[in-house]
There are 2 protein chains.
Amino acid sequence: MIRVLIADDQHLVRGAIAALLNLEDDLNVVAECADGDEVAAALATHPADVALLDIQMLRLDGLQVAEQLRSTHPEVKVLILTTFDRPGYFRQAFEAGASGFLVKDAPPAELIAAIRKIHAGNKVVDPKRAMLSVESKRNPLTEREREILEHAATGAPVSHIAASVHLSTGTVRNHLSNAIGKTNTANRIEAARRAKQMGWL
Amino acid sequence: MIRVLIADDQHLVRGAIAALLNLEDDLNVVAECADGDEVAAALATHPADVALLDIQMLRLDGLQVAEQLRSTHPEVKVLILTTFDRPGYFRQAFEAGASGFLVKDAPPAELIAAIRKIHAGNKVVDPKRAMLSVESKRNPLTEREREILEHAATGAPVSHIAASVHLSTGTVRNHLSNAIGKTNTANRIEAARRAKQMGWL
DNA sequence: ACCTACGCATGACAGTTGTCATGGCTTCAA
DNA sequence: TTGAAGCCATGACAACTGTCATGCGTAGGT
């Protein structure tokens, strides 16, 4: 019997996936978490073999949880789930110690198969995605550029960004200009979009 | 036995919800659709009592399908499902003839209860959301403003927008300026975000 | 027929943004 | 120690953006 933990911020999806998995004779959902920061506590009372972690969670995202589990619960295998298939996620997932990576667009049978494979000690890798990942480069943005780009994504003018980061407007514009260059885009908005898409943000 | 159709572009979520519903003795998932434009065909071969429609679908979204079903299959009750709880969606759902509206964040039991209520001829309304909806105004944007704002959301410069809409740059800027005014924001980016949030886009 | 709302367009002005050159400061590795 | 890389800052220029006044045409409603 494979014990499964599910972490996903959408209650309905979480419950539905649990129902799906419990239909399998060899799978048993032992815990459900609405956010990443509940995972550790859940594992303490409900030990699991495989953790299904959604990337998009409010307080602590799936990648961070995976990173955490690697040291605190190395016996728990991690399968990262995500709604959006961004190139950077794939690499980040495995860097964080995950054993598998699956998009929510995949057929249910694939999820079930993936859980079994992972439990058996194998990695679950989509060849197509793996190829893409090789091409996608590592985050070229500096800490500051990331920080400022995040503010820019909200549409805030330079003056606001500068104020909230405690920098001069000139410096902010320099950082933005750098980010625009590195993302190969034409303005801060596209830069922010691209960076997010690449998983750099 | 209540026959249910599910339309959601994420295969895993679709299948999982189906599994969840099939656990109930009085519910039976008779069809699954990956996009809104498959619903009509599915209903032709698999008549259903209740249609679960996700708003976010690529080719034909849940609201459009609801609108369509109102005339072509008035006997099918519609329950709109959505990931994002935007004020405008709620109103739009009922304007499109839906019998219920549920966020994917709701507990699974609530979905099941909602389906039964709807099948019994009742409307499913979350009181909190209904209150919000009263306050939220109807879309004040004109067709053109919407169209241009959508382009602006991608970060494209005015010149690009103008080219792809076949207008002069001056006109585009006027439309944007109007949209910015109507959304009570400071620039096109914030305007686009606000409009999306309000369900105006 | 008249008013209103919408779409389209220009031109002009001020403000914001992207780029560049340049310089000073720190940290880290060769 | 020297150099590279990052961070911060100025100042200046060109380009882009938001606003406003003004005008014309078309459709809808009264």
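For clarity, every value in this text was computed on a predicted model and none was experimentally measured.
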Point to revise | Qualifying residue, where the test is side chain to side chain contact (heavy atoms under 4.5 Å, CB included) with B/F101 and the options are B/V124, B/T82, B/V125 | key: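 When B/V124, B/T82, B/V125 are each tested with B/F101, the side chain to side chain contact (heavy atoms under 4.5 Å, CB included) holds only for B/T82.
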
Salt bridge (Lys or Arg N to Asp or Glu O under 4.0 Å) partners for [X], two or more places apart:
{"X": "B/E190", "result": "none"}
{"X": "A/D49", "result": "A/R3"}
{"X": "A/E143", "result": "A/R146"}
{"X": "A/E147", "result": "A/R144"}

Exercise for review: Would you give a per-nucleotide map of nucleotides 25-30 of chain C, 5' to 3', where B means the base has a protein non-hydrogen atom under 4.0 Å away, S means only the sugar-phosphate does, and - means neither?
Suggested key: ------

Rounded to whole Å, how long is the line connecting atom [atom1] of [X] with atom [atom2] of [N]?
{"X": "A/E143", "N": "D/dA5", "atom1": "CD", "atom2": "P", "value": "19 Å"}
{"X": "A/E145", "N": "C/dG18", "atom1": "CD", "atom2": "C1'", "value": "15 Å"}
{"X": "A/I148", "N": "D/dA9", "atom1": "CD1", "atom2": "P", "value": "10 Å"}
{"X": "A/L141", "N": "D/dG6", "atom1": "CG", "atom2": "P", "value": "11 Å"}

Exercise for review: List in chain and number order the residues that pass side chain to side chain contact (heavy atoms under 4.5 Å, CB included) with B/A192, two or more places apart in sequence or in another chain; answer none if no residue qualifies.
Suggested key: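 For B/A192 the side chain to side chain contact (heavy atoms under 4.5 Å, CB included) partners, ignoring immediate neighbours, are B/L149, B/A153.
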
Point to revise | Selection residues 114-123 of chain B - residue pairs positive for side-chain hydrogen bond (donor to acceptor under 3.5 Å, both in side chains), sequence neighbours left out | key: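 Every side-chain hydrogen bond (donor to acceptor under 3.5 Å, both in side chains) pair that includes a residue of residues 114-123 of chain B, provided the two are not neighbours, is B/E24-B/R116, B/D26-B/R116.
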
Review point. A/V50 versus A/I2: any side-chain heavy-atom pair under 4.5 Å?
Key: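 The answer is yes; the side chains approach within 4.5 Å.
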
Practice item. Taking only heavy atoms on the protein side, list every residue of residues 159-179 of chain A lying under 4.0 Å from any atom of DNA chain D, sorted numerically. Key: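 Only A/L167, A/S168, A/G170, A/T171, A/R173, A/N174, A/H175 qualify.
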
Point to revise | A/H73 atom NE2, over 12 foreign heavy atoms within 6.0 Å | key: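 Count over threshold, so yes.
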
Check your understanding: When you look at A/L81 and A/L53, which way does the side-chain contact (heavy atoms from CB on, under 4.5 Å) test go after all the steps?
Key -> CA-CA 6 Å; A/L81 271 180; A/L53 306 178; over 6 Å; no

Review point. Where do B/M57 and B/D54 come nearest, in terms of heavy atoms and distance?
Key: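 Shortest heavy-atom separation between B/M57 and B/D54 comes out as CE-O, 3.3 Å.
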
Point to revise | Partner residues of A/T142 under the side-chain hydrogen bond (donor to acceptor under 3.5 Å, both in side chains) criterion, sequence neighbours left out | key: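 Partners of A/T142 under the side-chain hydrogen bond (donor to acceptor under 3.5 Å, both in side chains) test: A/E145.
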
Let me check something: any side-chain donor-acceptor pairs from residues 10-20 of chain A under 3.5 Å, sequence neighbours excluded? List them with distances.
from  : atom 1 : to   : atom 2 : distance (Å)
A/R14 : NH1    : A/D8 : O      : 2.8

Nucleotides 26-29 of chain D: which of its N/O atoms have a protein N/O under 3.5 Å away?
none

Point to revise | DNA chain C-proximal residues of residues 181-193 of chain A, any heavy atom under 4.0 Å | key: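 Per residue number, the list reads A/N187, A/R188.
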
